[in-house]
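Chain letters run A, B, ... following the sequence lines, proteins first, then strands; residues in each count from 1. Please read all numbers here as calculations on a predicted model, not as lab measurements. Heavy atoms only: backbone and side chains are in, while hydrogens, waters and symmetry mates are out.
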Amino acid sequence: MPKILLVEDNEMNRDMLSRRLVRREFEVVTAATGLEAIEKARSLRPDLILMDLSLPDVDGWEATRRIKGAAETAGIPVIALTAHAMAGDREKALEAGANDYDTKPVEFDRLIQKITTLLGDARRA
Amino acid sequence: MSAEMPDPLGRENEELRQEVRTAREAAEITAQLVAEQFEETERILALFQSANAQREAVLNAASRISIIAADKEGRITLFNRGAEGMLGYAAAEVLGGRTPLDFHLRTEIVARCEELGQIVGEAVEGPGLFMQYARRQMSGEQEWTYVRKDGSHIQVSMSVTGIHSGDGELGGFLCAAMDITHLKRQEERLRQAMTVAESANRTKTTFLANMSHELRTPLNAIIGYSEMLEEEAGDAGLGGFVEDLRKIHTAGKHLLALINDVLDLSKIEAGKVELFVESFSVASMIDDVASTIRPLIEKKENRLEIKVAEGLGTMKSDLMRTRQILFNLLSNAAKFTEKGTITIEAFADASSREEQIVFRVRDTGIGMSPEQIARIFQPFVQADSTTTRKFGGTGLGLTISRTFCRMMGGEVAVESREGHGSTFTVTLPQEVKSKREALEGGGAAERLKPREKASTPRGPNTVLVIDDDPAVHELLANYLEKDGFDVVTASSGEEGIRLALELRPTVITLDILMPGMDGWAVLRALKSNPDTSQIPVVIITIEENRNLGFTLGASDFLVKPVSHLELFDTLRKYKRVSVTGRILVVEDEEETRNLLVRLIRKEGWDVAEAENGRVALDRIAERKPDLIFLDLMMPVMDGFEFVKEIRNREEYQLIPVVVVTAKDLTPEERQWLNGNVYQVFKKGSYNRSELMRQVRELVLRHVSPRPEAGKDVKRGG
Ligand SMILES: Nc1ncnc2c1ncn2[C@@H]1O[C@H](COP(=O)(O)OP(=O)(O)O)[C@@H](O)[C@H]1O
Ligand SMILES: [Mg+2]
């Protein structure tokens, strides 16, 4: 069962997304801040990370940059979740090293598709 | 949301603007009065040059105007009662001993001396300044600061005139001034009020943007949980819940769409939308949009057809915005069509200089009347007030789509017939430029002398250049005059607005960063006055804020330094082609005839008119027209008969005839006309600007250009 690290500071969204992912048979671990995300990426070695961008302490861009900058976690695919509202978010996310992005509120099926694609790529690589 | 959304700030702005306008008018009237008083005084002065006592009496009667005369050396020879009151000195104190310079701000004198020195090409100083003004008859009013005896300052409007002795020699000068302090103060107060209103407007926009963002977070949860519960309820066999949960989900998504639209609009207004240009495949972008929209289309039993031209390949543009535009158009098509067909087409159009990609969204739905079409691109406006109730929506989709199109250098157009469906056509450059690169550097902008504002006769194409930098005036004028434009320049926003009203130029170029009234304020003023709102404005500036420009109604946006080629390319589309052609308007209804005649004359063409076919034949005999506008139902000789008459005469056979009629044509009539006239317009089904566009095109097509303008003539179609 692929393991997904869901990084999201809003409790309801975290709960909702993780439950929906579990229903689709993913194993889900969560983090609520950027630092927690960096730490869990290293210690739990998830197969993929869903990264919200506006986070307390270290924001999602910085967290992505650090995860992608550390050799041990660089290979983990990251999907940035951007709020449609902010122009330039997605460009910045890709610059920070995210493999893909999706907008919030998520269209769940589309998100699942992106996850599956990235997991497939990761397996092949 | 109601179709007429009240906008208190907008109204406040409008009121302020009105106040400013009133104040400006008042100021103009006052200035006029002052000028008249001056003239009168001067006239009387001349009359009574010798009669000293009477002269004194006259001067003192003008008690609200300060009149000070001095000899060549600047010694004061006359100091009237008005001057005493205004400056706080008694005549006895100043006569003989002081010069008028003593009542001025030293820095102001130095600045004016320098300014005048540059114009006349020699050093100017001291009382020589006023003598120079007098000698060169540059006596026109200027604003000056007077320093009173107690040290306080007042603003005056002052004119300088020469005093000539009997033999015509310039023996001294006379300064006549009027206190305008209170006017200045009022102007300042209004300016401040405007600034406050504008910043309040900005605050509102920022607030709206933040607010929308905050709204999205809880909405996220509502949409997500309801969708999840819907799945879970289905799995658990709780079918009864599924439907209600779906309603929550749908309502949540609708609310989200509204918030997104409002947010987009507020971002556009705040000038915060930036383009992100990337390369993508047109076909897969359309597939992507189609798969998102398909459920919406099929819900109303519509069929979706996709026609992407072979080998269309990639385009460079803002992917998200392009997708959003198409999505808007497709969701409108889905919304207003039932059991019909919705088609999306994409193809390349290489006919223009720049390759363009055309997207066309066609539906077989309810369509729109011409009146409705005229309104739908305005924010918060829907075709009619029942639309919201029946179909939902905000009335923002098209406003946003069009703004995005224009930002990318494209356009969106609509064709529609009530009951027969609509077609929206989006044209975007195949390669959207995120920033224009000037082909030539700014080195050419060497400083040159200010342009003389000679009032030479002007041709049909005048460009008004509004820029505070005289070097820019010179540069643009150099370029534009080569391209066959006449150029008039304004050094400030106020002057620009005044000249725009006075001259009604073909097109205006506008700088943004100017002291005093900046370009944005000028653009707003131009666009809010119906007399100038139609004049296309091209912004030329160093500031890269084209979005704000387009939101405020600019037609084009160029970034300094501007190359000749770039300027030419941008401005030539506004150029009117000169024609010697004559147009004959045949129409019995006086009002309609006058309207047409006026519209045509305004474009600079020669018009003849006739109230029926018989009179029209006389007019043709006098001088053969190049184009005829013809009504059908007229007394004495109607349109059909008239056409038969002229088609029977060889020399008139080739004159193109355009029928403008209110008549419901029978198929036979229509067919007969088809063989004999060029085009048929239905009265009332066009709006003025549309008609004029058509007229212009027809004239360009059928009327021979003036020989000397020949090289610039471009014919459409
Ligand atoms: N394809 C269409 N067919 C008929 N009417 C349309 C179509 N597209 C737009 N309209 C009219 O234009 C109005 C404005 O459209 P839009 O700006 O997208 O706002 P909204 O869809 O939120 O009402 C609509 O309310 C509708 O009256
Ligand atoms: Mg719409």
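Of all the heavy atoms in A:R23 and B:D235, the pair that sits closest is NH2-OD2, 2.7 Å. Nearest heavy-atom pair across A:M12 and B:A221 is SD-CB, 3.8 Å.
Heavy atoms from other residues, nucleotides or ligands lying under 6.0 Å from CD of A:E25 number 12 at most. Within 6.0 Å of atom NZ in B:K316, 12 or fewer heavy atoms from other residues, nucleotides or ligands are found, so the atom counts as exposed in its surroundings. Counting non-hydrogen atoms of neighbouring residues, nucleotides and ligands closer than 6.0 angstrom, the CD atom of A:E11 reaches no more than 12 such neighbours.
Rounded to the nearest 0.5 angstrom, A:R20 CZ and B:L229 CG are separated by 9.5 Å. Residue B:M228 holds its CE atom at 9.5 Å from CG of A:L17, rounded to the nearest 0.5 Å. The line from CD of B:E278 to CG of A:L94 is 8.5 Å long, rounded to the nearest 0.5 Å. To the nearest 0.5 Å, atom CG of residue B:D288 and atom CZ of residue A:R110 are 8.0 Å apart.
Of the two parts of B:L256, only the side chain, counted from C-beta on, holds a non-hydrogen atom closer than 4.5 Å to a non-hydrogen atom of chain A. For a residue to count as touching a neighbouring chain, one of its non-hydrogen atoms must lie under 4.5 Å from one of that chain's; by this rule A:R24 touches chain B with the side chain only.
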Please assess A:R19 against B:E231 for the test salt bridge (Lys or Arg N to Asp or Glu O under 4.0 Å), listing each intermediate value before the final yes or no.
-> CA-CA 12 Å; A:R19 279 168 60 188; B:E231 282 171 31; over 6 Å; no
